[in-house]
There are 2 protein chains.
Amino acid sequence: MSTPGRGLHGQVLDTLGPAITAGEYPPGSVLRTDELAQQFEVSRSVMREAVRVLESMHLVESRRRVGVTVRPKYEWNVYDPQVIRWRLAGADRPQQLRSLTVLRSAIEPVAAGLAAKHATAEQCAELTECALGMVAHSRGHQLEGYLVHDMAFHRVILTASGNEMFARLGDVVAEVLAGRTHHEVMFEDPDPAAVTLHVQVAEAVREGDAVRAEELTREITVGALQELDILAP
Amino acid sequence: MSTPGRGLHGQVLDTLGPAITAGEYPPGSVLRTDELAQQFEVSRSVMREAVRVLESMHLVESRRRVGVTVRPKYEWNVYDPQVIRWRLAGADRPQQLRSLTVLRSAIEPVAAGLAAKHATAEQCAELTECALGMVAHSRGHQLEGYLVHDMAFHRVILTASGNEMFARLGDVVAEVLAGRTHHEVMFEDPDPAAVTLHVQVAEAVREGDAVRAEELTREITVGALQELDILAP
DNA sequence: TGTGACAAATAAGTCTGACTTTTTGTTCCC
DNA sequence: GGGAACAAAAAGTCAGACTTATTTGTCACA
């Protein structure tokens with residue numbers, strides 16, 4: 001997905017971005033544009049463009065007479081989808097997956113409540129279709145098919161909420177769901193209770209029952225938290 | 001705040017960014033790098049760097065033989081602090097303020113609950129100090145002083161949650177609070193009930209009462225929603 | 001000895017011009 | 001009418017020279 005190698009500067013970023021987000025250059029490290037250009041065997045103009053992009057993500061700061069210094073993690077634009085992808089691909093993956101799951105647990109129930117009020121007839125139909133697809137692929141190790149419908153389901157919820165900020169988290173949630181299926185090796189079929197909950201959420205949204213949609217979605221996200229052992233006893 | 005005019009390309013962005021996010025160039029519009037460079041009276045290299053930044057925000061897409069085309073709003077990186085600032089400064093301000101307030105209402109209660117579990121003694125002290133500052137400035141038209149402590153309060157909550165994604169919303173929430181005080185002309189002193197709620201949240205966090213902290217914060221955010229008439233009867 | 005001004009070094013920033021590459025649209029021929 | 005060759009357009013790349021801000025170090029003076 002996304003856009004692989006859109007120009008030389010993009011190829012540089014594909015290497016430099018993951019390296020920085022993985023912590024290979026500790027905060028405060030100083031890079032020189034000229035040296036980087038030599039290392040990557042590109043012209044300075046290309047390297048400058050790459051640095052500009054990293055700068056706009058608040059991964060680095062460029063100052064005259066000093067160089068390009070790496071910023072501490074807490075200043076990064078951690079909502080940038082590109083940064084999220086880089087971190088999910090590197091050593092940060094577990095922590096990233098946990099913080100994103102917590103984020104999900106805060107957002108999705110509210111989004112579902114709003115979706116119950118604002119979803120169009122078409123969106124309701126889509127939702128039902130996704131839920132049925134999940135049911136159909138819930139047994140017999142059809143994990144990939146299940147995942148596709150699961151991602152689509154949550155994307156529709158977020159979009160149907162009518163809130164642009166929620167809607168833009170669709171990719172992030174999809175990434176988290178995919179990560180769970182692919183990385184946390186899943187041999188078993190999905191939890192039947194979770195499948196049922198999705199069907200019920202679709203129902204609640206269709207009926208415009210915001211409170212129930214929110215509550216049911218909260219149960220789904222609590223399940224996601226439990227899977228990662230994020231929970232206070 | 002932020003970094004005003006960090007180089008020529010930054011000055012270009014200060015004009016071009018707001019123009020695009022304000023919708024002055026409708027989605028699908030095609031810009032030519034050379035023309036832009038002439039308009040802004042900068043070299044092509046500088047304009048190219050500016051375009052790269054806009055591209056990394058998914059505001060535009062650059063393609064050979066075509067030019068730089070403006071993307072539809074739903075593809076923008078709306079969590080980029082820079083994009084948020086641009087939109088808050090333009091015609092989009094009301095809608096942006098509304099969607100951000102809804103986002104707040106989803107995030108902050110959960111963050112407060114986590115803060116009750118994870119806040120350090122120092123953070124608890126900061127929180128109490130902020131709450132007391134709010135009380136002290138709650139009467140007699142000391143709106144600026146009140147705002148400072150209000151912003152600090154919510155920033156501490158988000159940071160103390162221990163979740164990096166929540167923490168990074170501190171700037172956004174501060175922006176929303178400032179927007180409410182400055183733009184939605186406030187002549188009156190803040191609602192005493194809201195002030196009390198902040199004090200109680202500080203208490204709950206100090207006592208480690210996650211459920212109460214979450215519930216009280218929810219009341220605060222519901223109040224924020226009501227102010228903007230975001231509510232279903 | 002400390003301090004302030006001045007000078008040198010350094011790395012980013014800027015500009016220009018030439019060249020390459022990709023994509024698109026047109027035209028011409030079968 | 002369809003497909004292949006061709007031409008044009010705009011971004012992409014590179015190299016080199018020059019500018020400017022910032023830091024650091026030095027030296028003289030109080």
Side-chain angles (χ1 to χ4, degrees), chain A residues 1-17 19-20 25-72 75-76 82, chain B residues 1-17 19-20 25-72 75-76 82:
Chain A
M1 66 159 290
S2 82
T3 30
R6 57 278 68 132
L8 265 190
H9 89 280
Q11 295 176 36
V12 170
L13 284 174
D14 289 339
T15 304
L16 203 47
I20 294 175
Y25 304 93
S29 303
V30 175
L31 312 172
R32 253 76 52 81
T33 308
D34 291 22
E35 282 186 17
L36 289 173
Q38 283 187 356
Q39 283 178 32
F40 286 93
E41 297 180 311
V42 295
S43 66
R44 281 179 319 136
S45 5
V46 167
M47 184 52 69
R48 286 182 56 73
E49 288 172 27
V51 168
R52 284 282 171 266
V53 173
L54 294 175
E55 203 177 22
S56 87
M57 295 166 172
H58 274 65
L59 260 42
V60 302
E61 187 183 5
S62 181
R63 277 171 52 202
R64 270 189 153 117
R65 166 64 212 243
V66 175
V68 178
T69 65
V70 177
R71 291 190 183 224
E75 290 185 352
W76 298 351
Q82 182 73 88
Chain B
M1 67 160 290
S2 87
T3 30
R6 49 301 44 146
L8 265 190
H9 89 280
Q11 295 176 35
V12 169
L13 284 174
D14 288 339
T15 305
L16 202 48
I20 293 175
Y25 303 93
S29 303
V30 176
L31 312 172
R32 253 78 52 82
T33 307
D34 291 21
E35 281 186 17
L36 290 174
Q38 283 188 357
Q39 284 178 31
F40 286 93
E41 297 180 311
V42 295
S43 66
R44 294 198 320 278
S45 10
V46 168
M47 184 51 70
R48 286 180 57 75
E49 289 173 26
V51 168
R52 283 284 171 263
V53 173
L54 295 174
E55 202 177 22
S56 87
M57 296 167 171
H58 274 66
L59 259 41
V60 303
E61 188 183 4
S62 181
R63 276 171 51 203
R64 271 188 154 117
R65 168 61 214 240
V66 175
V68 178
T69 64
V70 178
R71 291 191 184 225
E75 290 185 353
W76 298 350
Q82 183 72 90

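So that the names make sense, note that chain A is the first sequence line, chain B the second, and so on, each numbered from 1. The figures here come from the full heavy-atom set of this structure, side chains too, leaving out hydrogens, waters and symmetry mates.
For residues 36-47 of chain A, no residue pair satisfies the salt bridge (Lys or Arg N to Asp or Glu O under 4.0 Å) rule, not counting sequence neighbours.
Listed by chain and residue number, A/S45 satisfy the side chain to side chain donor-acceptor pair (under 3.5 Å) test with A/S43 (two or more places apart in sequence, or in another chain). In this structure, the salt bridge (Lys or Arg N to Asp or Glu O under 4.0 Å) partners of A/R32, at least two apart in sequence or on a different chain, are A/E35. Applying the side chain to side chain donor-acceptor pair (under 3.5 Å) criterion to A/R52, with sequence neighbours excluded, gives A/E55, B/H9, B/E49. Scanning for side chain to side chain contact (heavy atoms under 4.5 Å, CB included) contacts around B/P26 gives B/S29, with sequence neighbours left out. Residues passing the side chain to side chain donor-acceptor pair (under 3.5 Å) test with A/Q39: none are found, sequence neighbours excluded. Partners of B/S56 under the side chain to side chain donor-acceptor pair (under 3.5 Å) rule, at least two apart in sequence or in another chain, are A/S56.
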Report summary line: Contact string for nucleotides 4-12 of chain D, one letter per nucleotide 5' to 3', B = base within protein heavy-atom range under 4.0 Å, S = sugar-phosphate only, - = neither, reads ----BBBBB
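Between chain B and DNA chain C, the heavy-atom contact criterion of under 4.0 Å yields a 5' to 3' nucleotide range of C/dT14 to C/dT24.
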